[in-house]
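Structure record follows, encoded as structure tokens.
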Amino acid sequence: MLPIVEQQLDAEFTVHRLYDAEDEQAMLAEVGDRIRGVALSWWQVNEAFLKQLPNAEIVASFGVGYDHVDTDACLAANVMVTHTPDVLSEEVADTAIGLLLMTVRELGQAERWLRDGNWAENGAYPLTQATMQGRTLGIFGLGRIGKSIARRAESFGLKVAYHGRSRQDGVDYPFHASLVALAAACDTMMVVAPGTPETRHAVNAEVLKALGPTGIVINIGRGSVIDETALTEALEKGTIYGAGLDVFEEEPCRPERLMKLPRVTLLPHVGSASQATRNAMGQLVVDNLKSWFSTGRPLTAVPELKQK
Ligand code: NDP
């Protein structure tokens with residue numbers, strides 16, 4: 001947890017740090033029944049973990065995605081779950097557009113060309129075969145972040161279309177009822193859907209084939225949404241053009257096969273990773289806990305627990 005979170009939690013509550021424990025199970029056995037609230041980022045919250053915290057009332061998760069929290073188990077155990085939506089949307093959208101530009105125009109590779117001395121010794125970096133101009137961006141998951149990306153994409157002159165589990169109010173981008181239909185209608189796919197059992201491997205070989213040989217895939221959502229093996233094969237065979245990935249099926253990772261490919265940009269899950277945005281997310285973790293223990297209400301419950 002960030003210093004601003006730790007300091008404020010220390011001032012307000014008695015804090016036990018599981019990540020500092022030499023023996024996590026021993027610590028849980030010792031203090032588990034005294035824990036009323038949990039602040040976490042990537043820790044797996046499941047039925048077994050909740051059983052070790054029989055008096056827990058709330059899990060305040062850092063981040064908008066909460067695929068590491070079993071919300072059914074929390075509902076069954078009467079435990080509130082909060083996350084940190086909105087405060088990161090613009091930052092993540094900026095990263096998504098940066099990743100798209102880097103991938104289309106090979107900016108990372110061009111910078112390495114200069115740093116390696118090739119410009120001075122061997123001449124200009126080769127012309128990129130792809131351009132942003134004229135592209136159609138198909139957004140999978142037109143939620144908070146997806147809409148922020150769409151606004152930016154429009155200002156670049158891109159056409160925007162989308163697929164999701166529902167049509168979005170207040171937007172007039174074309175909606176496609178399936179991901180394959182979206183892929184067929186665009187050449188650039190922006191994945192910003194959450195990692196859930198329903199979205200797992202939604203971007204599969206069939207979707208990639210529909211995207212076609214000029215197709216570029218950007219993933220700023222969750223690694224599990226793309227079948228990474230199918231994506232790697234499509235890139236190796238050239239059945240799609242390129243990919244920009246901020247998230248992976250396993251993290252942290254060193255994706256050797258993807259790293260060998262020329263038109264691939266790989267980032268280490270930095271979508272929201274500026275100090276200012278991470279502090280805003282941390283503040284929301286603190287504020288959710290304070291609100292819960294002073295008013296009995298959270299500020300930003302996850303949708304599954306909003307009615308609770
Ligand atoms: P939202 O809930 O606002 O948007 C998610 C969108 O995906 C919604 O439109 C939702 O539909 C749609 N969706 C959800 N489930 C499905 C499904 N089964 N099939 C099709 N569409 C679905 O979330 P945010 O925009 O705030 O965040 C999106 C995701 O981005 C997060 O869950 C997180 O995983 C990821 N993320 C990644 C970051 C990074 O560092 N790379 C940083 C922050 C977030 P509906 O409108 O019907 O709910």
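Each ligand, and each atom within it, is numbered from 1 in the order the structure gives.
When only interatomic distances are considered, the shortest N/O to N/O separation between His163 and ligand 1 does not fall below 3.5 Å. Every N/O-N/O distance between Thr196 and ligand 1 stays at or above 3.5 Å. In terms of polar-atom proximity, defined here as any N/O pair under 3.5 Å, Arg144 does make such a contact with ligand 1. An N or O contact shorter than 3.5 Å is missing between Asp67 and ligand 1 by distance.
For the pair Gly221 and ligand 1, a heavy-atom separation below 4.0 Å is found. Using a 4.0 Å heavy-atom cutoff, Tyr66 is absent from the residues neighbouring ligand 1. Proximity of Gln168 to ligand 1 is established by a heavy-atom distance of less than 4.0 Å.
By the criterion of a heavy-atom distance under 4.0 Å, the side chain of His269, and not its backbone, is placed next to ligand 1.
Scanning the protein heavy atoms around atom 37 (C) of ligand 1, the nearest turns out to be Ile220 O, 3.0 Å. Here the protein heavy atom with the shortest distance to atom 44 (C) of ligand 1 is Val64 CG1, 3.2 Å. Distance from atom 5 (C) of ligand 1 to its nearest protein heavy atom, with residue and atom name: Pro194 CD, 3.8 Å. Atom 10 (C) of ligand 1 has its closest protein heavy atom at Arg165 NE, 4.1 Å. Nearest protein heavy-atom contact of atom 33 (C) of ligand 1 is Arg222 NH1, 3.7 Å. Considering only non-hydrogen protein atoms, atom 28 (C) of ligand 1 sits nearest to Val192 O, 3.3 Å.
Per-residue contacts place Gly271 under 4.0 angstrom from the following atoms of ligand 1 (heavy atoms of the residue considered): 39 (C), 40 (O). For ligand 1, the atoms closer than 4.0 angstrom to any heavy atom of Gly164 are 20 (C), 21 (N). Residue Ser272 approaches ligand 1 through these ligand atoms, each under 4.0 Å from one of its heavy atoms: 40 (O).
Comment: Glu6 engages Arg17 in a salt bridge, judged by a side-chain N to carboxylate O separation of less than 4.0 angstrom.
Between the side chains of His68 and Gln44, not a single donor N or O lies within less than 3.5 Å of an accepting N or O.
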Determine all donor-acceptor pairs shorter than 3.5 Å in which one atom belongs to a side chain in residues 116-126; sequence neighbours excluded.
from	atom 1	to	atom 2	distance (Å)
Asn118	OD1	Asn122	ND2	2.6
Tyr125	OH	Glu106	OE1	2.6

